[in-house]
Student: 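For reference, the structure I am asking about is given below.
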Amino acid sequence: MPDKITVGDVTAARGELKKGVIKGVELVNNASIDIPVLVMNGAEDGPTLLLMSTQHGVEIQGVEVIRRVMREEVSPAGLRGTIIGIPVGNPLAFMHHQYLSWIDNLDVGRERADRPEGNTTERLAYALWTEAWSKSDLIVNIHCNTRPDSLVYQWINVGNPDTREQLERMAEAFGVTTIVSDSRLTDDAPPSLGNMAARKGIPVILEELIDGRWISEPSTSVGVRGVLNIMKAFNMIDGDPEPQEGIPIVPGVNRSHGIIRANRGGLIRLLKKPGEFIEKGETLAEIYDLYGDLLEEVKMPVDGYVWAFPCGQSLGTSGSLQAVQTGANIAYAFTHEED
Ligand SMILES: [Zn+2]
């Protein structure tokens with residue numbers, strides 16, 4: 001490992017914690033919208049771990065997780081390797097309290113990350129890729145569902161042999177409900193941050209905390225414990241991983257079944273809890289109109305569970321109101337595959 005680590009305008013020598021920015025984009029009034037970054041260069045050699053929060057601008061629990069890990073829990077003297085912390089991955093979304101970039105309604109995690117000459121959000125993605133993602137060995141991408149009763153879960157794609165073993169090790173260490181998929185990366189997959197990382201053999205685990213618009217428990221403690229557990233599992237800090245507590249966990253291997261959508265519009269009442277077993281055909285929610293008449297009984301499509309009730313549009317800010325329109329995503333369903 002080189003003695004100095006540079007990310008954006010930050011250079012951290014061995015044993016140092018430094019802060020600064022990755023240069024972002026310039027607005028019409030010449031305000032510079034940059035990406036904040038913390039870099040902790042450990043006293044000894046080890047992997048480079050990237051912690052990124054708030055790819056979606058209304059999901060802020062990870063900001064606090066990164067603060068506690070990098071400002072309270074871990075010191076450069078006790079660290080083997082490097083931590084890069086990005087508290088807000090999309091400042092254009094965060095600054096307007098929006099899920100997506102306000103300026104072009106795009107998602108920095110879904111747009112191309114290989115175009116320095118691209119559109120506004122693509123340029124942010126390119127900056128994230130060149131300065132942080134491409135320099136990392138392990139990436140924890142911290143998101144949040146909105147409601148406080150959602151299930152804390154993590155998603156890993158085990159379809160790529162290059163990253164499978166490391167992702168399974170990260171998930172076991174973090175220790176919350178795990179949803180797996182195994183889609184192989186195809187040649188024509190768009191060069192988003194996640195796909196470019198997969199191509200380069202960098203494992204990216206997606207963590208979904210809960211109550212995402214607030215900084216609150218249990219999300220922050222679960223997030224901090226999970227990140228420290230990953231660091232212990234990869235020998236970046238001393239200590240044994242601690243089991244997660246204070247949250248419901250569906251153990252073993254689980255698989256996403258898909259989104260359950262509304263076929264009618266109106267207010268919605270939720271009859272089941274995230275993490276509670278629901279039989280195929282059971283009613284999990286009811287949609288009713290402003291007169292109080294029942295319009296739709298929403299049925300569970302499979303024996304399984306729900307991890308969250310976003311009750312929102314598919315791409316806009318989810319979970320803003322307990323109301324839906326036709327096509328809104330009511331719930332994310334998953335099935336339990338093996339213990
Ligand atoms: Zn998100």
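Remember, it's 1-based here, ligands and their atoms both numbered in the order they're listed. For this chain, numbers begin at 1 and follow the sequence in order. Side chains are part of it too, since the values below use all heavy atoms of this structure and drop only hydrogens, waters and symmetry mates.
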Student: Taking the Zn ion (ligand 1) as the vertex, what is the angle from OE2 of Glu59 to ND1 of His143, given to 10 degrees?
Tutor: 150°
Student: How about Val176 and Glu207: do any of their side-chain heavy atoms sit closer than 4.5 Å?
Tutor: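 With C-beta onward as the side chain, the pair touches.
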Student: Could you tell me whether any N, O or S atom belonging to Glu208 is less than 2.8 Å from the Zn ion (ligand 1)?
Tutor: no
Student: Has His56 got an N/O/S atom less than 2.8 Å from the Zn ion (ligand 1)?
Tutor: yes
Student: Which donor-acceptor pairs under 3.5 Å do side chains of residues 264-279 form with protein atoms, sequence neighbours excluded?
Tutor:
from	atom 1	to	atom 2	distance (Å)
Arg269	NH1	Glu286	OE1	2.7
Lys272	NZ	Glu282	OE2	2.8
Glu276	OE1	Lys273	N	2.8

Student: Between Ser219 and Asp211, does any side-chain donor sit less than 3.5 Å from a side-chain acceptor?
Tutor: no
Student: Would you call Arg14 and Asp45 a salt bridge, using N to O less than 4.0 angstrom?
Tutor: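 So Arg14 pairs with Asp45 through a salt bridge.
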